[in-house]
Amino acid sequence: MFERTSVGLDVHARTVVSCALDAQTGEIILHRMTPDHGEILAWILSLPSPVRVVYEAGPTGFGLARFLLASGIDTVVAAPSKLQRPSGDRVKTDAKDALHLARLLKLGEVTGVRIPSTDQEAARDLVRSREDVRGDLMRSRHRISKLLLRQGLVYSGGQAWTGTHELWLAGQRFDNPARQLTYESSLEAMHEISDRRDRLDQAITAMAYSSEYTPVVRALQCLRGISTLTAFGLAVEIGDWDRFTGSTIGAYLGLVPTEHSSGASRSLGSITKTGNSHARRLLVEAAWHHRRPYNNPSRLMRSRWEEATSEARIRGHAGNRRLHERWISYLERRKRPVIANVAIARELSGWCWSLAAGTHPMPATSPESSASPH
């Protein structure tokens with residue numbers, strides 16, 4: 001059934017500007033409200049039914065969408081990057097934004113994003129918190145190393161940021177009290193961030209093996225370069241793998257090249273970098289592991305295979321061989337390693353899809369017979 005009233009909401013922290021478009025009478029109804037969910041629902045119920053609602057994904061989250069869906073209101077959360085906006089329109093107001101959303105919804109030109117459940121959103125927040133801590137730790141280590149470098153101190157005792165390196169850091173002393181206090185403060189901050197990272201790692205590991213994501217995590221770990229943290233991050237960030245195929249998931253993650261073609265000319269550029277940036281980074285980092293020779297599975301890989309299904313083990317073994325062969329072919333063609341690695345990451349996303357989508361029954365074809373990541 002087509003909706004009679006299309007409602008666009010411009011949602012902010014303290015105000016909500018709404019615009020209802022009645023397809024039968026052509027009437028446009030503007031209204032300003034508070035973000036109270038009850039007030040918004042009461043106004044929507046006063047409109048001619050059936051009603052369909054849309055608002056842009058943003059910092060206000062998915063709470064309003066979940067509330068309206070639970071109340072029986074068909075609600076779409078629009079992807080902002082997919083909204084068509086006239087290039088000549090230089091006037092932007094909340095009311096015009098709400099009307100624009102209502103019109104696009106009526107025309108069927110809104111691309112919706114997946115609305116996660118409360119638990120799924122909490123798991124995603126946990127993963128992204130760990131990503132933030134990783135960046136904080138990298139910056140704190142950078143500050144320490146550059147402070148020492150300015151004093152002519154460079155560590156040369158092996159791998160940096162190991163136990164031996166930390167003992168060397170703890171033994172550094174400076175005559176100037178101000179510099180010594182600065183150095184001790186930087187070391188203390190680094191240790192505090194490391195402790196936060198370890199606590200988050202423990203929580204993620206516990207959730208990865210005792211939640212709805214466990215089958216996907218077990219399956220993804222059959223591929224080289226995908227550890228528990230990487231597998232759980234991909235499972236949480238992508239969520240519903242059935243939305244994609246082996247050939248479309250790369251585009252969702254921004255791993256396909258940009259293109260500008262017209263007439264007989266065809267020009268390809270760098271990757272689009274659209275979609276989920278965290279999942280894209282995880283795949284690019286994992287792709288580097290497939291450059292090393294793959295003769296026999298390691299002991300760690302075999303231990304992960306023991307926890308997965310036989311289909312996942314066979315699929316993972318085939319993917320590991322295939323991705324290493326692709327690495328060799330790129331190197332033989334003298335491709336730049338960074339460019340080759342992105343191509344491997346794009347293909348790796350297809351293998352991840354084939355493993356994750358196979359963890360539950362598919363509505364149509366199985367991942368073995370549908371779009372191949374090859």
Side-chain angles (χ1 to χ4, degrees), residues 54 56-58 76-92 97 100-101 103-114 223 225 234 237-288 290-291 319 322-357 364-365 367-374:
V54 62
E56 290 187 57
V76 180
V77 180
S81 61
K82 298 292 185 179
L83 293 177
Q84 301 178 13
R85 298 186 184 277
S87 59
D89 191 354
R90 303 295 182 178
V91 178
K92 183 182 184 303
D97 287 345
H100 183 61
L101 285 172
R103 285 173 172 168
L104 290 179
L105 181 65
K106 188 60 184 176
L107 294 173
E109 295 296 331
V110 172
T111 300
V113 301
R114 178 176 174 273
L223 292 168
L234 291 173
E237 293 290 352
I238 295 178
D240 183 12
W241 297 79
D242 292 341
R243 298 176 292 164
F244 311 104
T245 65
S247 57
T248 61
I249 190 170
Y252 167 75
L253 296 172
L255 290 169
V256 297
T258 57
E259 180 176 355
H260 182 78
S261 300
S262 180
S265 66
R266 183 168 182 259
S267 176
L268 298 178
S270 59
I271 60 173
T272 59
K273 293 186 179 180
T274 58
N276 195 300
S277 60
H278 184 202
R280 182 171 60 252
R281 185 190 67 79
L282 293 175
L283 286 169
V284 170
E285 288 188 355
W288 285 108
H290 293 275
R291 187 175 182 177
R322 162 73 179 183
L323 293 171
H324 177 63
E325 291 171 359
R326 294 295 293 166
W327 250 115
I328 297 301
S329 67
Y330 285 132
L331 295 178
E332 290 176 348
R333 290 155 54 187
R334 300 184 181 277
K335 291 287 186 180
R336 292 176 55 197
V338 290
I339 295 178
N341 188 67
V342 172
I344 297 297
R346 179 167 58 248
E347 187 164 339
L348 176 60
S349 68
W351 286 98
C352 290
W353 170 84
S354 69
L355 285 164
T365 58
E368 295 290 340
S369 59
S370 59
S372 172
H374 293 198

Looking at every non-hydrogen atom in both residues, tell me the closest pair between [X] and [Y] and how far apart they are.
{"X": "G225", "Y": "A286", "result": "O-CB, 3.4 Å"}
{"X": "A340", "Y": "W327", "result": "CB-CZ3, 3.9 Å"}
{"X": "I271", "Y": "G254", "result": "CB-O, 3.5 Å"}
{"X": "R280", "Y": "L253", "result": "NH1-O, 2.9 Å"}
{"X": "G269", "Y": "P257", "result": "O-CB, 3.5 Å"}

_Per the salt bridge (Lys or Arg N to Asp or Glu O under 4.0 Å) rule, what does the pair list look like for residues 333-345, sequence neighbours excluded?_
none

*Tell me the salt bridge (Lys or Arg N to Asp or Glu O under 4.0 Å) pairs involving residues 264-276, sequence neighbours left out?*
E259-R266

Between [X] and [Y] (side chain of the first, backbone of the second, donor and acceptor by atom type, cut-off under 3.5 Å), is there such a pair?
{"X": "R346", "Y": "L255", "answer": "yes"}
{"X": "W351", "Y": "L223", "answer": "no"}
{"X": "H324", "Y": "H290", "answer": "yes"}

Pairing residues for [X] by the side chain to side chain contact (heavy atoms under 4.5 Å, CB included) criterion, not counting sequence neighbours:
{"X": "R103", "value": "L21, I28, L99"}
{"X": "L83", "value": "E56, A78, R85, L101, L104"}
{"X": "A287", "value": "N341, I344, A345"}
{"X": "T272", "value": "V256, T258, T274"}

*Given the rule in the side chain to side chain contact (heavy atoms under 4.5 Å, CB included) test, do I339 and Y330 qualify, once you have shown the distances and angles that lead to the verdict?*
CA-CA 9 Å; I339 295 178; Y330 285 132; over 6 Å; no

Contacts of [X] that satisfy side-chain hydrogen bond (donor to acceptor under 3.5 Å, both in side chains) - sequence neighbours left out:
{"X": "T248", "answer": "T245"}
{"X": "R281", "answer": "E131, E285"}
{"X": "E109", "answer": "Q84"}
{"X": "Y252", "answer": "none"}

_Non-hydrogen side-chain atoms of N276 and I238 separated by less than 4.5 Å_ = no

*Sequence neighbours excluded, which residues qualify as salt bridge (charged side-chain N to carboxylate O under 4.0 Å, His left out) partners of R326?*
E347

When rounded to the nearest 0.5 angstrom, what is the spacing between [atom1] in [X] and [atom2] in [Y]?
{"X": "L282", "Y": "S349", "atom1": "CG", "atom2": "OG", "value": "12.5 Å"}
{"X": "D242", "Y": "W353", "atom1": "CG", "atom2": "CH2", "value": "8.5 Å"}
{"X": "L234", "Y": "L283", "atom1": "CG", "atom2": "CG", "value": "5.0 Å"}
{"X": "L355", "Y": "W241", "atom1": "CG", "atom2": "CH2", "value": "9.0 Å"}

_Does anything in residues 255-283 form a ring-ring contact (aromatic ring centres under 6.0 Å, His included)? List the pairs, not counting sequence neighbours._
none

